[in-house]
Amino acid sequence: RDDVWSVLYVFCDLVSGGLPWMSHAANKERNECGHLKEIVQGERKPEGAAEEVELKDDFAQLLMGDEYHVSKHRREQKIKAAAKANQEIPPNKLTPLPLPLKIASDEYKVECLRKAFKHLATLQFWDFPDYDFVAECIRGFLKNTSNCPEVTKIQWDKLAKSSSSFSASGAKRKMPMWHVVTDVGDDPAVLVNSDMFDDELQQKATEEQSALDERKRREEQMQNSQDNMASLAPP
């Protein structure tokens, strides 16, 4: 069951470009990731929700896109930092959130996700999911049932020139860059998306990558020198 659950999250990530907890995951904030998953599944109320608000799922969040989620996370961090300093940020000083992807408003596709996740929620860890049912839910994204453009096959050779390099408003945006950070937690090397971090962490990631490349270059030079010396040594 849990494997299929993960597959559905990966599917949503591929379709939309990012999940609601992507920034928290990059910072290894496991509790926050868990809370957001519970909100999406309808097991927890959003932070600040009134008591009279009923619990309900929000699977549309899985399709809103990385630009929306990263911007929302940065906005929330600014508000929390200001509150911690006993300050208040005027609403007109906050950067407006970008529009979610249109696919998030496609009720048919959101309902496909809801059916698949609700099916898995009825199972125990050791139960076999209805694979045909889950597959049919995923295939529902290929049906052009609303004003949302039909989901087509990924053309990997044209990915760099695809519409994913544009925001929901149509404006050109920076494509995410991946770096290797060597001192994150206990892992010797971790891939992180630089768009999830502020400028300082992006600079650190760039410096780490440069240092790694330089060390690799020196090791190759040393190995080449040793090979040359060995080839010149008398038999």
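Both backbone and side-chain heavy atoms feed into the values below; hydrogens, waters and symmetry mates do not.
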I'd like to know if the side chain of Q61 pairs up with that of D58 as donor and acceptor (distance under 3.5 Å, no hydrogens or angles considered). yes
Any donor-acceptor pair under 3.5 Å from S105 side chain to K102 backbone: yes
Look up atom NZ in K28 and atom CZ in R30, then write down how far apart they are to the nearest 0.5 Å. 7.0 Å
For the side chain of D57 and the backbone of V40, is there at least one donor-acceptor N/O pair under 3.5 Å apart? no
Would you compute the distance between atom CG of D2 and atom CG of L123 and round it to the nearest 0.5 angstrom? 10.0 Å
For H119 and D130, indicate whether the former's side chain and the latter's backbone hold a donor-acceptor pair under 3.5 Å. yes
When the aromatic ring centroids of Y9 and F117 are compared, is their separation below 6.0 Å? yes
Within a radius of less than 6.0 Å around NZ of K115, do more than 12 heavy atoms belonging to other residues, nucleotides or ligands occur? no
Just by distance, do the side chain of R44 and the backbone of L36 share a donor-acceptor pair under 3.5 Å? no
Between S16 (side chain) and L62 (backbone), is there a donor-acceptor pair under 3.5 Å? yes
Rounded at 0.5 Å granularity, tell me how far CE in M64 sits from CG in L101. 9.5 Å
Output the distance between atom CZ (R139) and atom SG (C112), rounded to the nearest 0.5 Å. 11.0 Å
Ignoring hydrogens and geometry, is there a side-chain-to-backbone donor-acceptor pair from R1 to D127 under 3.5 Å? no
If you take all heavy atoms of P129 and V4, which pair is closest and at what distance? CG-CG2, 3.7 Å
Can a salt bridge be assigned to the pair R218 and E214 using a cut-off of 4.0 Å between side-chain N and carboxylate O? yes
Taking H24's backbone N and O only, do any of them form a donor-acceptor pair with N27's side chain (distance below 3.5 Å, no angle check)? no
Determine whether more than 12 heavy atoms belonging to other residues, nucleotides or ligands lie under 6.0 Å from atom NZ of K78. no
